[in-house]
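Here is the naming used below: chain letters follow the sequence lines, and residue numbers restart at 1 for every chain.
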Amino acid sequence: MLDINLIRRDPDRVRRSCERRGIDPSSVDEILRLDEQYRSAQTAVQTLLSQKNAHSATIARADDKAEAAKALRPQLDDLAQQIAAAEERAEMISPQRADSPLRALLENLPNILDSAVPDGKTEEDNVEVRRVGTPRAFDFEVKPHWTIGESLGILDFERAAKLAGSRFGILIGDGARLSRALIDFFLDRARAKSYVEVVPPYLVTRRTMWSTGQLTKFSDAMFCDPEADLFMIPTSEVPLTALHGEEILSIEDLPRRYAAYSPCFRKEAGAAGKDTRGLMRQHQFEKVELVWLTVPESSGDVLDSLTADAEALLSELELSHRVVALCAGEIGFNSAKTYDVEVWIPSEGRYREISSCSNCTDFQARRADIRFRRDPKKKPEFVHTLNGSGLAVGRTLIAILENYQQADGSITIPLALRSYFNGEKIERSST
RNA sequence: GGAGAGGUGGCAGAGCGGUUGAAUGCGGCGGUCUUGAAAACCGUUGAACCUUCACGGGUUCCGUGAGUUCGAAUCUCACCCUCUCCGCCA
């Protein structure tokens with residue numbers, strides 16, 4: 001959520017940001033109009049309440065309170081009427097109200113883009129920042145990971161469909177072990193970089209989901225239990241970011257780094273027909289997520305080091321990758337600036353997203369109410385929140401299967417992973 | 001799921017329906033004292049919002065939401081959460 005004060009002070013900046021994202025900026029004017037109305041209504045209510053309180057204080061001070069109350073009766077009754085009327089007017093547009101139009105408009109404004117974000121509408125307009133490693137050259141025909149996995153007996157999509165329908169996969173034997181090895185590897189590396197490991201709830205309340213900006217009209221539908229009103233997390237960014245919701249941290253608490261391995265659940269309603277085969281896009285996948293809470297002035301640098309942390313994992317796995325700066329039209333609702341880390345997928349002959357690192361500035365912190373105090377005397381300020389995958393387990397698995405495939409159909413395990421996997425190779429016979 | 005207890009400021013813990021945003025203690029901050037520190041003593045110390053160029057003024061907040069009242073932390077109702085015991089269970 002944006003700061004209403006910022007919208008008042010610099011509406012043009014907000015409009016420009018909306019336009020760059022390809023979103024109609026007209027709601028900014030509507031917000032300004034409603035906000036003006038609301039504030040004058042509020043002032044009216046407060047003036048009347050102040051008068052009423054003065055009368056009550058008079059009664060409280062009087063020796064004969066009943067008598068005093070009786071004497072002030074006419075004024076009090078008159079005030080009560082006026083207050084009720086004024087309150088009704090203010091209540092209509094109060095942003096506190098769940099169905100307030102002002103609130104709805106405010107909540108649906110995306111974060112303000114960082115000035116460094118490149119213009120553009122689609123993936124094509126993303127700007128490559130750097131490339132690391134060279135895609136491996138194959139002297140045989142590369143196979144897609146599902147073919148490799150199924151013939152090795154470590155991936156099973158048919159039975160997954162039997163159990164759960166489309167967009168599910170089953171990891172078996174060495175496939176499951178490799179996945180577990182990756183999780184361990186990722187978490188160990190995160191720990192080495194001072195991230196604190198967390199096992200968060202995988203189901204969260206509507207409020208929590210709302211607080212990190214996942215529940216908006218721009219969001220894809222999530223799995224949920226309507227009866228319990230609990231939502232299955234689409235990423236552990238949600239519980240990790242909201243961890244310190246409604247808290248005021250002290251400056252010594254910052255920066256705060258958290259890492260969580262968790263399953264993630266997504267309906268992928270908007271992705272019909274995309275990546276229908278294989279592990280690329282599933283209703284359930286696993287991920288190690290990295291989250292930072294920082295002071296505002298350092299979030300820019302933190303985004304770089306967070307991205308570097310994600311990349312380092314790929315470098316260590318010797319997987320060729322690149323970093324792209326997302327263009328204005330591609331950046332998520334919460335984010336001011338996002339780098340995607342993309343890994344080389346041989347069967348597609350291109351790089352695919354394996355981590356998305358975002359600086360959400362104070363946007364989520366304002367919704368979730370995560371603040372800090374620089375000094376015991378200073379006012380609390382909102383922290384900045386950042387998140388990135390480190391990494392998506394399923395997609396890393398894809399990358400390993402495809403990039404490390406051998407002519408005989410076996411898989412060589414990346415060096416960095418061998419001690420975790422406890423082996424060097426996956427072969428047909430080994431399952 | 002059944003039975004009970006409880007939710008007050010950073011924490012602990014008071015609070016006959018009336019100048020209570022809230023005693024007291026701890027902690028925090030500032031100061032006195034000290035070569036320095038500790039101790040002691042003094043002072044100060046919640047948040048959001050509205051209004052003002054500013055000084056300041058005002059409103060709201062004691063789990064949440066309604067209600068009674070001129071006036072509610074205090075009374076009524078509903079809901080939520082936490083804890084204890086029982087049942088079930090990985």
Side-chain angles (χ1 to χ4, degrees), chain A residues 1-9 31-100 102-103 106-107 199 201-211 225-231 239 242-254 256 262-263 293 362 365-383:
Chain A
M1 192 148 61
L2 296 180
D3 183 2
I4 183 73
N5 289 306
L6 171 70
I7 303 176
R8 278 179 210 149
R9 229 183 312 118
I31 287 170
L32 288 172
R33 196 177 61 79
L34 288 169
D35 175 56
E36 183 57 46
Q37 272 181 27
Y38 171 64
R39 278 188 299 159
S40 70
Q42 191 181 205
T43 305
V45 170
Q46 290 184 357
T47 308
L48 291 166
L49 279 174
S50 170
Q51 287 170 31
K52 187 189 82 170
N53 287 344
H55 287 313
S56 284
T58 307
I59 295 171
R61 248 177 279 127
D63 294 326
D64 188 341
K65 297 180 180 20
E67 183 58 35
K70 207 171 162 187
L72 285 167
R73 185 94 255 161
Q75 287 102 304
L76 286 165
D77 287 348
D78 184 44
L79 272 174
Q81 255 184 22
Q82 290 189 56
I83 289 168
E87 271 179 339
E88 198 185 336
R89 255 176 281 131
E91 177 67 14
M92 296 271 283
I93 40 176
S94 164
Q96 260 72 286
R97 216 169 95 160
D99 60 350
S100 147
L102 176 54
R103 176 173 169 160
L106 216 45
E107 283 183 3
V199 180
Y202 304 145
L203 298 172
V204 300
T205 59
R206 176 181 297 276
R207 187 181 151 59
T208 301
M209 203 57 98
W210 176 86
S211 77
D225 176 350
E227 205 183 324
D229 207 29
L230 286 173
F231 293 74
L243 201 60
H244 292 287
E246 293 161 73
E247 291 181 26
I248 300 176
L249 305 167
S250 66
I251 187 97
E252 298 84 50
D253 291 332
L254 299 173
R256 209 114 217 193
S262 84
L293 306 184
D362 61 355
R366 185 167 285 108
R367 286 180 162 238
D369 193 17
I370 314 165
R371 292 175 292 173
F372 77 101
R373 219 187 285 272
R374 285 182 198 277
D375 186 277
K377 284 183 184 154
K378 291 255 173 70
K379 286 248 161 211
E381 298 171 55
F382 289 108
V383 302

J.: Determine the contact category for A/L76: base if any of its heavy atoms lies under 4.0 Å from a base atom, sugar-phosphate if only primed atoms, P, OP1 or OP2 are that close, otherwise nothing.
T.: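 Sugar-phosphate only.
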
J.: A/T43 side chain: which of B/C70, B/G58, B/U51 is closest?
T.: B/U51

J.: Can you tell me the Watson-Crick or wobble partner of B/A22, both distances under 3.5 angstrom?
T.: none

J.: I want to verify a distance call: between B/G71, B/C49, B/G18, whose nearest atom is closest to the A/A60 side chain?
T.: B/G18

J.: With sugar-phosphate meaning primed atoms plus P, OP1 and OP2, does A/R373 contact a base, only sugar-phosphate, or nothing at under 4.0 Å between heavy atoms?
T.: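 Here A/R373 touches the backbone only, sparing every base.
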
J.: Taking the side chain of A/Q46 as its heavy atoms from C-beta onward, which of B/G71, B/C49, B/A48 lies nearest to it?
T.: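 Of B/G71, B/C49, B/A48, B/C49 is nearest to the side chain of A/Q46.
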
J.: Strictly below 4.0 Å: does A/R8 bring a side-chain N or O up to OP1 or OP2 of B/C50?
T.: yes

J.: Report yes or no: do A/D77 and A/Q81 form a side-chain donor-acceptor pair below 3.5 Å?
T.: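 No, no side-chain donor-acceptor pair sits under 3.5 Å.
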
J.: Over how many whole Å does the gap from A/I4 atom CD1 to B/C49 atom C1' extend?
T.: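 Rounded to whole Å, this separation is 12 Å.
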
J.: Under a 3.5 Å limit for both distances, which nucleotide forms a Watson-Crick or G-U wobble pair with B/G6, could you say?
T.: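 Matched B/G6 with B/C81 under the 3.5 Å cut-off.
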
J.: Counting only side-chain nitrogens and oxygens, does A/R73 get under 4.0 Å of the OP1 or OP2 atom of B/C70?
T.: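 A/R73 to B/C70 OP1/OP2: side-chain N or O found under 4.0 Å.
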
J.: Are any of A/R207's side-chain N or O atoms less than 4.0 Å away from OP1 or OP2 of B/C80?
T.: no

J.: B/G46 pairs with which nucleotide, Watson-Crick or G-U wobble, both distances below 3.5 Å?
T.: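 Base-paired to B/C61.
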
J.: Could you check A/Y38 against A/L49 and say which one's nearest nucleotide on RNA chain B is further toward the 5' end?
T.: A/Y38

J.: Which part of the nucleic acid, if any, lies within contact of A/K379, taking any heavy atom under 4.0 Å across all strands shown: a base, the sugar-phosphate backbone alone, or nothing?
T.: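 If one applies the 4.0 Å heavy-atom cut-off, A/K379 turns out to touch the sugar-phosphate alone, with no base involved.
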
J.: Under 4.0 angstrom, heavy atoms only, what part of the nucleic acid is A/R374 near: base, sugar-phosphate, or nothing?
T.: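 Nothing: the residue A/R374, judged by heavy atoms under 4.0 Å, touches no strand.
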
J.: A/E381 and salt bridge (Lys or Arg N to Asp or Glu O under 4.0 Å): which partner among A/R374, A/R371, A/R366?
T.: A/R374

J.: Taking CZ from A/R206 and C1' from B/C81, how many angstroms apart are they, rounded to a whole number?
T.: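 Between C1' of B/C81 and CZ of A/R206: 18 Å.
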
J.: Would you indicate whether the side-chain heavy atoms of A/L230 and A/T205 approach each other to under 4.5 Å?
T.: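 They are in contact (side-chain heavy atoms under 4.5 Å apart), so the answer is yes.
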
J.: Does OP1 or OP2 of B/U59 have a side-chain N or O of A/K52 closer than 4.0 Å?
T.: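 Answer is no, no contact under 4.0 Å.
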
J.: Reckon A/R61 has a side-chain N or O less than 4.0 Å from the OP1 or OP2 of B/G18?
T.: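 A/R61 to B/G18 OP1/OP2: no side-chain N or O under 4.0 Å.
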
J.: Which one, B/C49, B/G18, B/U59, comes nearest to the side chain of A/Q42?
T.: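 Ranking B/C49, B/G18, B/U59 by closest atom to the A/Q42 side chain puts B/C49 first.
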
J.: Taking the P atom of each, how far is B/G7 from B/C75, in whole Å?
T.: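 Nearest-Å result for B/G7 against B/C75 at atom P: 12 Å.
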
J.: In whole Å, I'd like the distance from the CG atom of A/D64 to the P atom of B/G18.
T.: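 About 16 Å, once rounded to whole Å.
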
J.: Round to the nearest Å and state the distance from A/E87 atom CD to B/A66 atom P.
T.: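 Interatomic distance, CD of A/E87 to P of B/A66: 10 Å.
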
J.: Does B/C70 have OP1 or OP2 under 4.0 Å away from a side-chain N or O of A/N53?
T.: no

